[in-house]
Each structure stands twice: as structure tokens, then as C-alpha cells.
Amino acid sequence: MKRIILFAVILAVLLPSFGCREKDDDLRVILIGMDGLRWQEVFGGVDQAVLDCGSIISGDVRKDYWEESREARRKALMPFTWDFIANNGVIAGDRENGSFVSVTNKMWFSYPGWSEMICGYPDDEFITSNGAGPNRNFSFLEFANMTEKYKGSVLAYGSWLCFYDIINYRRAGFPVNAGFVTLPEELTLTPGETVTNDILEGTPDFLGRVRPDAITHEYVMEALRHRHPKVLFAGYGECDDWAHERRYDLSIFCCHHFDRYLKEIWEYTQSDPFYKDKTVFIVTTDHGRGEKAEQWPDHGFNGVPGSGDTWLMAFGKGIPAKGSLSSGEFHTNQIAPTLANWLGFQLPPHEGMGEPIDFDNL
Ligand SMILES: [Zn+2]
């Protein structure tokens, strides 16, 4: 096994990436995910059918986010996505408009989806529960950290404690921070990180091993400002957890704030010469949720149709302004190969690995 891993590592580091963007020699990449955010809300805003579903508390969602047209509703929910990304990048997965994105794993829950996203293939043999333990598969983050160019410049933060396993932090060799774990003092903390640590220590674990996304976001922003990773993974989570709690109002609220986080990250990177015009973004999710209103709280291959359907967005350096696509099909296993390609290396071949997405020729 060790020999196979060593071989894979050498392959990944030595293989030049064919068709990669020669011009992007000094590229930074940021992969951002929101757990279990449905394509229906991304493209259609708040869903009337879910609002009407009696067992779900709807709170103030109608007042704040309801609009008559689909276009107005989605813009009310995710204004940065529909004002900026739709005009400057690519958004895929609007099934009502002929664009399809889905996972290739046959699980349709979180660990398998996040692992497929960062490793580039499904592993339905090993990852059959969220408690699968440390990932036996290697992520593009780990391979990036093995390259001369990106070594020591990879960082992964997430709201859900399970990211320690999904990323296999003991083996990975770069900083990972997730769940109710504060940033360690050894990192020499900034004043902002110290304050965020204090807030995290005083925050109850009301969702079960998932910290509030607002805290993950503060760590992300502080890392961008002071740690300057060239490869950053940010895994947000609350949309999924509030959905499981049957709280459409809070899930929608967190989706709206997720869109604000995207805006803040984008605007910060455009204000800092380290990132400005050198950074490319992919934003996506690990799985969908039930397509029927009464199944909206749930997801899973067995019994929840439509919950393998997802979406993805790309914007920033080198991404053409093609807007919301009306054709084509992509899969979550294409994300890691695409990011590796942009970073100038190829992932070692693996069964189930997706092809890099060529955004210039969609
Ligand atoms: Zn999930």
C-alpha cells in the first residue's frame, strides 16, 4: 500500500498538466462549498412548495425573500451570485434550463460528496457513512502541498468537525481547522483569530459538531488577510444542518449569508495585490436534497430522489463570462482534476476520476 501511495505521489508531482493555463503561472485557487444547498434555491430562490409544506417553520422567509418571478427571487436570496457571478463567471446546474450537475457517488450525503469534490472520484467502498474515519484517498489539496510551488501555502477550514477525517489532516501536512476546535496558539495568532477563538469557546454546539458558519468565515477572512494561502478550501455547513432540523427559515438565512461571504471573499481578494487578478474560484455543494417539498429536509441515495443533483460556479482569473448555462452536464468528480490542472499538475489516474472542465469551450 505504501508503495502505491509513494508512486501516486511521485506521479502527481512529476506529471506536468497538459492543457493547463501556461499564463497562470502564479495562480491562487479558492474552493468554497456549502453543505447540502439545493440547486432549486440557487436558481429559483425560496421555494413556494417548501414554504407551503406544513411541518416546516417558515418564519420571516416570505417577507424577506419572496418575489413573484424566479429571477427576482434568486437575486433576493443570493444577490452577489446573480449580480456578479452571473455576469462575470459561469453557473451550472439549472435543471429547469437544461444545465446539469450531479455527484457520481451512490451515497448522496456529506462525507462521500466532499471527498469526491476534493479527491476527484467517488469511493463507495470505503466511504459509506460520515463516520468512515480518516480518508484513504488523497485530495488535490494534499497533492498541491507536495508541489514545490504550493508547499506550505495550502489551508483548509470548515464548519463541520468531520473535515479532519475527510481531508485526513494527520497525513495532509498542512493546517486544517474545523468544528469546535480553536486555532492552535502555535500558529502565532492574529488579534482577529484570538477574538474568534474566544467567541468559538463560548458558543454552544447546538447543531452537533458543526460550528456556526460566521465563525468559519472569520477564520477564512483572517487567513486571507494575514496568512495568504495560495490554495484555500472553505467548507461552510449550516444550510444542511438547519434543513435536517426542518428549519427552512434558518437554512435560507444561512444561504443568504453564504452569498455575502462569497462577496466578502471576492472583494477582499480584489483589494489585496497578493490575490488581485491572480485568483480563481469554484463554489459548489456536496449533495442536493429531496426534490419533493416534504423530502426537502433529507437527502440520500436510498429513498430521496433528486438529492444527488447539485450545482457549481466558477469565476475569477481566466473564467469566461458565460453566465448561467442552458446546456451541458458536469459532475462533482471533475472539480479536483480541474483545480489540479489550474495549479499546474495532474492528479494520478484513478478509477472514477472526472475530466477537468474546460471553461473556455463549454
Ligand atoms: Zn452534506
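Just follow the structure's listing: the first ligand is 1, and inside any ligand the first atom is 1. Please read these numbers as outputs of a predicted model, since none were measured by experiment.
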### Message
Report whether any nitrogen, oxygen or sulfur of His299 sits less than 2.8 Å from the Zn ion (ligand 1) (N, O or S, backbone or side chain).
### Response
no
### Task
Specify which N/O/S atom of Asp286 comes nearest to the Zn ion (ligand 1), by atom name.
OD2
### Message
Any carboxylate oxygen within less than 4.0 angstrom of a Lys/Arg side-chain nitrogen, looking at Glu71 and Lys75?
### Response
no
### Message
Does the structure place the NZ or CZ of Arg171 under 6.0 Å from the centre of the six-membered ring of Phe138, at an angle of no more than 45° from the ring's axis?
### Response
yes
### Test item: Tyr236 and His217 side chains (from C-beta on) under 4.5 Å apart, heavy atoms
yes
### Query
Just wondering, is there an N, O or S atom on Asp240 that's nearer than 2.8 Å to the Zn ion (ligand 1)?
no
### Task
Output the atom name for the N/O/S atom of Asp35 with the smallest distance to the Zn ion (ligand 1).
OD1
### Donor on one side chain, acceptor on other, Thr104 and Glu116, under 3.5 Å
yes
### side-chain hydrogen bond (donor to acceptor under 3.5 Å, both in side chains) partners of Asn135, counting only residues at least two apart
Ser115, Asn137
### Query
Which angle, to the nearest 10 degrees, do you find at the Zn ion (ligand 1) between NE2 in His287 and OG in Ser110?
110°
